[in-house]
Amino acid sequence: MATQTVSAEPVSLDPSRRARLAEFWYYFSENRGAVIGLAVFLILVALAILAPVIAPHAPNAQYRDAVLLPPFWAEGGRAAYALGTDAVGRDMLSRLLYGARFSLFIGIVVTTLALTGGIVVGVIAGYVGGWIDTAIMRVMDIILAFPSLLLALVLVAVLGPGLTNAMIAIALVLQPHFVRLTRAAVMSEKNREYVVAARVAGAGPMRLMFRTILPNCMAPLIVQATLSFSNAILDAAALGFLGMGAQPPTPEWGTMLAEAREFILRAWWVVTFPGLAILITVLAINLMGDGLRDALDPKLKRS
Amino acid sequence: MPLLEIENLVVEFQTASGPFRAVDGVSLAVSEREVLAIVGESGSGKSVSMLAVMGLLPWTAKVSADKMTFQGRDLLALSPAQRREIIGKDMAMIFQEPMASLNPCFTVGFQIEEVLKEHLGLDRKARRARANELLRLVGIPDPEQRLSSYPHQMSGGQCQRVMIAVALACNPKLLIADEPTTALDVTIQKQILDLLMRLQAEHGMALIMITHNMGVVAETADRVIVQYKGRKMEEADVLSLFENPKSNYTRALLSALPENATGDRLPTIGDFMIEAEAATAVKTPIMEPPV
Amino acid sequence: MSEIIVEGRNIVRDYHVRGGVFGKARTIHAVKGVSFKVEKGKTLAIVGESGCGKSTLARIITLIDEATAGELLIEGQKVDIARQRLTPELRRKVQIVFQNPYGSLNPRQKIGDVLQEPLIINTDKGAEERRELAMRMLKKVGLGHEHFNRYPHMFSGGQRQRIAIARALMLNPSLLVLDEPVSALDLSVQAQVLNLLADLQEEFGLTYVFISHDLSVVRYIADEVMVMYFGEAVEYGSRDEVFSNPQHSYTKTLFAATPRADVESIRARLARRRAA
């Protein structure tokens with residue numbers, strides 16, 4: 001009977017993609033926090049992209065007549081420098097806007113690095129098993145045994161300070177989470193019948209690993225990736241604050257905090273605004289990750 | 001007066017793609033000491049209607065009925081606490097997956113005694129004795145030792161026996177068996193069916209047998225209800241159902257049995273359902289995840 | 001006597017279970033020296049209950065797992081996947097349909113891609129030709145071109161099993177191993193799939209090895225029947241021989257345990273019930 005039910009539907013060429021998207025949105029939008037997070041994140045992306053257009057000043061331009069000006073609403077503030085200026089007379093708002101570019105860039109690069117590396121290593125560990133699996137997982141356990149920031153610091157100390165090295169270090173530190181997740185998912189999927197069916201169709205190990213099994217393991221990885229995105233931003237800011245990340249005068253939020261350290265008591269705005277920026281970004285992305293989990297995880301159970 | 005009486009039961013589920021009606025106006029009555037079989041294929045609503053009686057449906061389900069009484073008590077008007085008093089005591093249920101129905105963390109003995117403690121308030125010694133007796137009753141060899149084993153140490157057939165022991169712990173008036181033998185091998189199925197029929201006769205309880213297997217119906221039932229897509233297609237005593245089926249759907253089911261095959265081809269449902277019936281069947285949405 | 005498509009000689013399969021820190025290593029004999037022979041266009045049914053080794057045997061015949069000992073011949077050619085690499089030629093000769101239609105299709109693969117995958121891996125046919133072949137096979141198993149771009153979760157169990165059968169046939173195999181293909185399906189759908197299998201066998205001259213626990217289905221579809229019990233073939237013969245005159249006591253138990261749905265047995269049961 002079901003045969004008739006389906007064939008009675010109107011013929012449409014590719015209804016599935018849009019339907020899946022609609023279903024995804026249905027579950028995602030049930031989580032109000034996630035929608036707010038998504039909105040904030042999109043605004044951040046837009047601000048970062050449009051920074052050169054909307055920023056009132058160049059990020060590194062120093063205005064000697066306007067050193068440590070408070071925001072415009074406070075006494076002594078000027079409308080030209082909406083969120084005030086720092087110790088060398090740079091406009092805070094412009095620096096924050098450009099800083100968003102750095103933070104998002106760091107998030108994307110670190111997540112991509114950790115995700116690809118983690119997936120490749122994890123799929124191999126899960127699929128091949130045996131001593132290769134044991135060797136890989138012990139190395140990952142060792143990495144996980146270090147406090148992550150400490151390990152990143154050591155790595156940067158070895159590689160030399162700088163934004164690129166900081167990103168590599170953070171990616172290395174975040175990678176074991178992806179390896180573990182991928183391995184667990186691959187191990188539960190690899191004995192499913194559709195994998196055996198693909199083997200019977202003649203698929204080799206490469207095809208089985210990356211074309212047959214991997215797409216079915218993506219849902220938890222996507223969730224983990226969003227959470228790593230915020231972790232990366234946070235770690236990069238921490239490294240910047242410790243002077244091991246982006247070097248001044250780069251308008252990176254963590255570095256900005258570090259530079260402003262000595263003015264905490266005199267000029268609250270030089271520390272508050274970069275801190276707020278980090279807080280809002282990380283919070284928005286974490287909320288979004290929660291929503292993604294809600295939307296993707298039941299899907300896994302149903303299919 | 002019938003033991004369980006249901007009139008015009010409707011169960012609807014809220015899904016992402018709108019409400020879905022799983023049971024559509026089913027009425028039935030079971031008297032004491034009767035074996036009623038509810039037959040149907042997947043999506044016929046046979047399990048859902050019984051879960052509704054037990055009050056075991058998730059919150060997304062909306063249950064309504066003109067009448068739903070057990071021993072004269074209105075089940076719909078009961079508070080959850082009052083309902084729990086009946087469920088597991090006067091009305092018990094066993095399920096398809098015996099392995100999954102037992103809690104893997106606890107011993108068999110603990111799980112039987114839990115029911116005894118909850119409903120009968122027996123002391124420790126009496127509970128132990130009764131659990132022992134129950135296992136003996138359902139034909140588990142060496143019950144004393146079995147009480148302290150865990151579900152994973154037993155076979156599927158033995159787990160189902162334990163489930164039956166749990167269900168029988170308080171001498172229920174009505175036992176609902178939801179596909180009790182589907183997950184089991186034929187030889188074990190035979191043993192479990194024989195056991196159920198023996199216990200039913202000895203204890204004089206009513207039994208509702210939910211199944212998709214016409215053979216199981218033929219071997220157990222007094223009376224049969226055939227369900228299809230949430231509706232009742234036919235109700236008859238077992239002999240007349242097999243001898244002279246009234247509805248086209250029943251006829252289709254019986255002739256789709258491979259052992260009844262006469263020619264080269266098995267007749268399929270399309271050869272029997274007249275256009276009008278097929279058309280109404282198509283309109284009801286199939287129960288599948290929202291897309 | 002017509003061509004023998006598949007032959008097994010004394011096939012043995014042992015599993016070694018590694019002991020833990022305290023446990024001892026054990027060997028489980030899943031299949032204990034089973035021999036069989038199937039002619040072209042015929043159906044051999046392997047019957048047994050869970051744990052009797054019938055699925056293990058199916059995996060050996062399908063060249064998924066190797067046998068511990070014994071010989072497997074496919075179209076008269078000796079095959080040993082433990083020693084030689086499996087060639088695409090050999091791979092396409094034997095295909096399998098699994099029991100669970102919900103697990104055997106990749107949930108992230110569209111039906112069209114499911115059907116084309118064997119062709120992509122094993123042949124160098126162009127995209128247009130592959131599409132054409134897949135579409136034709138889809139029609140052959142009773143589905144339409146509108147199903148080509150859908151994902152497995154949009155199909156019912158019976159439809160998925162049709163898709164699994166279509167996938168197995170894409171490489172024009174000579175032998176199809178059917179591992180409980182209808183036991184997860186509803187009765188009316190089961191009838192449709194059995195009819196489809198009969199049609200396809202006739203059209204393509206297919207040879208079937210049909211694994212099942214359901215005697216009524218076996219009786220309907222098989223030419224020869226093998227009954228397995230704890231890894232051994234306790235009964236092997238033509239369908240009529242086995243069903244009319246079972247030799248082994250286990251076969252008799254199996255027949256006696258199968259529920260009977262004929263009017264006579266119901267009458268007898270009701271009479272017994274009234275007497276009791």
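First the proteins, then the strands, lettered A, B, ... as listed; each starts at 1. It should be emphasised that the depicted structure is a prediction, and the values quoted were computed from it without experimental measurement.
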Non-hydrogen side-chain atoms of [X] and [Y] separated by less than 4.5 Å:
{"X": "Leu214(A)", "Y": "Arg108(C)", "result": "no"}
{"X": "Pro152(C)", "Y": "Tyr194(A)", "result": "no"}
{"X": "Arg207(A)", "Y": "Glu117(C)", "result": "yes"}
{"X": "Glu193(A)", "Y": "Leu105(C)", "result": "no"}

Measure distances from [X] to the heavy atoms of chain A and classify the residue's part below 4.5 Å as side chain, backbone, both or neither.
{"X": "Val114(C)", "result": "neither"}
{"X": "Arg59(C)", "result": "side chain"}
{"X": "Asn122(C)", "result": "side chain"}
{"X": "Leu119(C)", "result": "neither"}

Donor-acceptor pair, side chain of [X] and main chain of [Y], under 3.5 angstrom:
{"X": "Arg199(A)", "Y": "Ile64(C)", "answer": "yes"}
{"X": "Arg192(A)", "Y": "Ser104(C)", "answer": "no"}
{"X": "Asn106(C)", "Y": "Val195(A)", "answer": "no"}

Whether over 12 other heavy atoms sit under 6.0 Å from [X] [atom1]:
{"X": "Glu202(C)", "atom1": "CD", "result": "no"}
{"X": "Glu128(C)", "atom1": "CD", "result": "no"}
{"X": "Arg91(C)", "atom1": "CZ", "result": "yes"}
{"X": "Phe24(A)", "atom1": "CZ", "result": "yes"}
{"X": "Phe105(A)", "atom1": "CZ", "result": "no"}
{"X": "Arg211(A)", "atom1": "CZ", "result": "no"}

Original post:
What closest approach, in Å, do Ala197(A) and Arg167(C) show between heavy atoms, and which atom pair accounts for it?
Top reply: CB-NH2, 3.3 Å

Original post:
If you look at every heavy atom in Ile121(C) and Gly202(A), which pair is closest and at what distance?
Top reply: CG2-O, 3.2 Å

